[in-house]
Structures are given as C-alpha cells and as structure tokens.
Amino acid sequence: MKTTLLGGTLALLLIAFGAFANGPAQADDPPLYDRLGGLPAISLAVSEFVDDFIQDPLIMANPAVAEQKTAVAAPYIKFQVTALVCELSGGPCQYTGKDMREAHDGLDVTAEEWDRMVEIFVATLDSLEVPEAEKQELLDLLGPTRDDIVMAGG
Ligand code: HEM
C-alpha cells in the first residue's frame, strides 16, 4: 500500500517534470498554462518557490514580510499564487484573492527584495527544467505587478 502510494506520487511528479521539459515555444503553441503542464506542474513550482522564498535571509530581513509570510500562511499564499499564475497563463482558474497593491500594502517591499524574489523564482524554474521560452513568458507575466508591490524607494 505504502509502495503503491509512493509509486503513484513519483509517477505524478515525473509527469509534472516531463511537462516542464518540453521543447522551445512556437507561435502557434497551446497556451502557456498547457505548455507548463497545467495545475499539477504550476502548483509544484509555486510550492517550491514559496518554500524557498520564506526561508530566504534577504527577504525575511524585511520585518513586515517576515511577520506576514509565516509558515502557517504559506499554504494559503501557495493557493492564491497558483490560482493567479493559472489564470494569467491562460488556464481555467479565476483568481479571487486581493489585488496586488492591497496584498502588499504596508510591507515596504524594496527593489532589492524584488530582485531577490526574481532570482529565487528563476532558480525554482531552472531546478524544474522549465524551458527558456516558458520561463521568460512567466517572468513577463509577473513583471507588470512590480509597480504595485515595490513601495520602498523602488
Ligand atoms: C519581493 C516580492 C514579494 C514579497 C516580499 C511578497 C510578500 C507577500 C506577503 C508578506 C504576503 C502576505 C500578505 C498578508 O497576508 O497580509 C503576500 C501575499 C500575496 N502575494 Fe506576494 N510578495 C512578493 C511578490 C509577489 C508576486 C510577484 C506575486 C505574484 C505576481 C505575489 C502574489 C501574492 C498573492 C497572490 C498574495 C495573496 C493575496 C491575498 O491574500 O489574497 N507576490 N505577498
């Protein structure tokens, strides 16, 4: 029973990683959501990203962020970020969380913290072997949120 469960989990992970390892994107490709491997792959990437993010010394040196982005809150943040990325990449989700300005209001996120967040995000996508084209498209989706998130001298 335990072995079957483990086998099933491994198979699921392999499917998720396999989807990430597809070739370069073409103009007539399916939506980014599908090329990434849908919700199984996106939720895996978001989960790993958030785990690394909330343990990063530079990010956590911001006291307001450290206070809000606790381990307890992580599953909720993962859910909301997954829904957002799903929707933005053309998937069948509807993001129902706070808008980006409201969610990050009062956190005094700096330009340096934003850059570190991008580094962590890229490292996560690289570790999952997301191809360059899809990685760039994801970064292009997140880029416009910067103005609503970076409040401190950014
Ligand atoms: C350095 C950059 C960032 C920092 C320090 C940061 C920090 C935080 C913190 C502390 C919260 C919890 C706020 C609370 O519960 O009061 C939060 C919520 C959230 N963040 Fe970020 N964040 C960053 C970038 C981003 C980016 C790039 C996205 C996606 C485009 C994002 C999406 C979200 C979402 C969806 C929530 C939940 C909103 C809700 O509660 O409904 N964040 N963030």
Side-chain angles (χ1 to χ4, degrees), residues 12-13 15-22 24-27 29-154:
L12 260 179
L13 280 176
I15 291 167
F17 279 98
F20 272 132
N22 280 337
Q26 305 294 322
D29 269 352
L32 176 61
Y33 171 83
D34 293 310
R35 281 180 280 128
L36 290 170
L39 272 175
I42 291 172
S43 57
L44 174 66
V46 169
S47 179
E48 300 209 340
F49 164 67
V50 171
D51 285 344
D52 288 348
F53 183 85
I54 62 175
Q55 287 176 44
D56 186 78
L58 193 149
I59 300 284
M60 288 304 125
N62 176 327
V65 172
E67 192 184 321
Q68 292 295 327
K69 205 139 197 168
T70 61
V72 176
Y76 170 74
I77 302 279
K78 289 177 182 182
F79 169 80
Q80 293 292 16
V81 176
T82 298
L84 183 62
V85 173
C86 169
E87 180 175 339
L88 290 177
S89 64
C93 308
Q94 199 179 359
Y95 174 69
T96 57
K98 297 174 187 167
D99 70 42
M100 288 300 99
R101 182 170 287 273
E102 191 190 351
H104 301 91
D105 190 33
L107 295 176
D108 293 326
V109 175
T110 64
E112 195 189 10
E113 288 157 5
W114 173 271
D115 291 347
R116 180 70 191 128
M117 182 279 297
V118 171
E119 276 176 24
I120 298 168
F121 190 58
V122 167
T124 305
L125 299 180
D126 284 344
S127 76
L128 294 171
E129 297 183 10
V130 175
E132 283 302 317
E134 279 74 17
K135 191 168 65 178
Q136 195 51 55
E137 282 180 64
L138 277 171
L139 289 170
D140 290 347
L141 287 180
L142 298 193
T145 66
R146 185 184 187 282
D147 283 353
D148 286 332
I149 294 175
V150 176
M151 303 283 175

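Sequential numbering from 1 along the given sequence is applied to the chain's residues. Every number for a ligand or one of its atoms is a count from 1 in the order of the listing.
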| query | Tell me: protein heavy atom nearest atom 39 (C) of ligand 1, and distance? | reply | Y76 OH, 3.3 Å
| query | Just heavy atoms, cut-off under 4.0 Å: does I149 contact ligand 1 by side chain, backbone, both, or neither? | reply | side chain
| note | For atom 14 (C) of ligand 1, the closest protein heavy atom turns out to be Q68 OE1, 3.4 Å
| said: Could you check whether any heavy atom of Y95 sits closer than 4.0 Å to an atom of ligand 1, since that is the contact criterion I want to use? | reply: yes
| Does any non-hydrogen side-chain atom of F53 lie less than 4.5 Å from one of I77? | no
| message | For a 4.5 angstrom cut-off between non-hydrogen side-chain atoms, does M151 reach V109? | response | no
| field | Per-atom contacts, ligand 1 versus W114 - under 4.0 Å to a heavy atom | value | 1 (C), 27 (C)
| request: Enumerate the atoms of ligand 1 whose separation from the nearest heavy atom of V81 is less than 4.0 angstrom. | output: 32 (C), 33 (C), 34 (C), 35 (C)
| task | Indicate, as side chain, backbone, both or neither, the part of F49 found under 4.0 angstrom from ligand 1 when only non-hydrogen atoms are considered. | result | neither
| Within-shell test, M100 vs ligand 1, heavy atom, strictly < 4.0 Å | yes
| message | K98 versus ligand 1: do any nitrogen or oxygen atoms come within less than 3.5 Å of each other? | response | yes
| task | Using a strict 4.0 Å cut-off to heavy atoms of E113, name the atoms of ligand 1 that fall inside it. | result | 1 (C)
| Student check: side-chain heavy atoms of L84 and M100 closer than 4.5 Å | yes
| task | Answer whether the closest heavy-atom distance between the side chains of D126 and K135 falls below 4.5 Å. | result | yes
| query | Can any side-chain N or O of Y33 pair as donor or acceptor with the backbone N or O of L39 at less than 3.5 Å? | reply | yes
| said: Regarding Q55 and D51, do their side chains bring together a donor and an acceptor under 3.5 Å, going by distance alone? | reply: no
| remark: Ranking H104, E112, Q80 by closest non-hydrogen atom to atom 17 (C) of ligand 1, top hit is H104
| task | Provide, to 0.1 Å, the distance between atom 13 (C) of ligand 1 and the closest protein heavy atom, together with that atom's residue and name. | result | A103 O, 3.5 Å
| task | In plain terms, say whether E119 and R116 are close enough for a salt bridge, that is, a side-chain N and a carboxylate O under 4.0 Å apart. | result | yes
| field | V150 contact mode with ligand 1 (heavy-atom cut-off under 4.0 Å) | value | neither
| query | Taking C-beta and beyond as the side chain, do H104 and D148 meet within less than 4.5 Å on heavy atoms? | reply | no
| task | State, with a plain yes or no, whether a side-chain heavy atom of S89 is found less than 4.5 Å away from one of P31. | result | no
| said: Heavy atoms only: which of L141, T145, D99, I77 lies closest to atom 12 (C) of ligand 1? | reply: I77
| request: Give the residue, atom name and distance (to 0.1 Å) of the protein heavy atom nearest atom 3 (C) of ligand 1. | output: F53 CZ, 3.7 Å
| said: A side-chain contact here means heavy atoms from C-beta on lying under 4.5 Å apart; do N62 and T110 qualify? | reply: no
| query | So which heavy atom in the protein is nearest atom 30 (C) of ligand 1, and how far is it from that ligand atom? | reply | L142 CD2, 3.4 Å
| remark: Checking heavy-atom distances from atom 29 (C) of ligand 1 to each of L107, L138, L84, N62, the winner is L84
| message | Only heavy atoms of G97, strictly under 4.0 Å: list the atoms of ligand 1 that pass. | response | 41 (O)
| request: Output yes when a side-chain donor or acceptor of S47 lies under 3.5 Å from a complementary backbone atom of S43, and no otherwise. | output: no
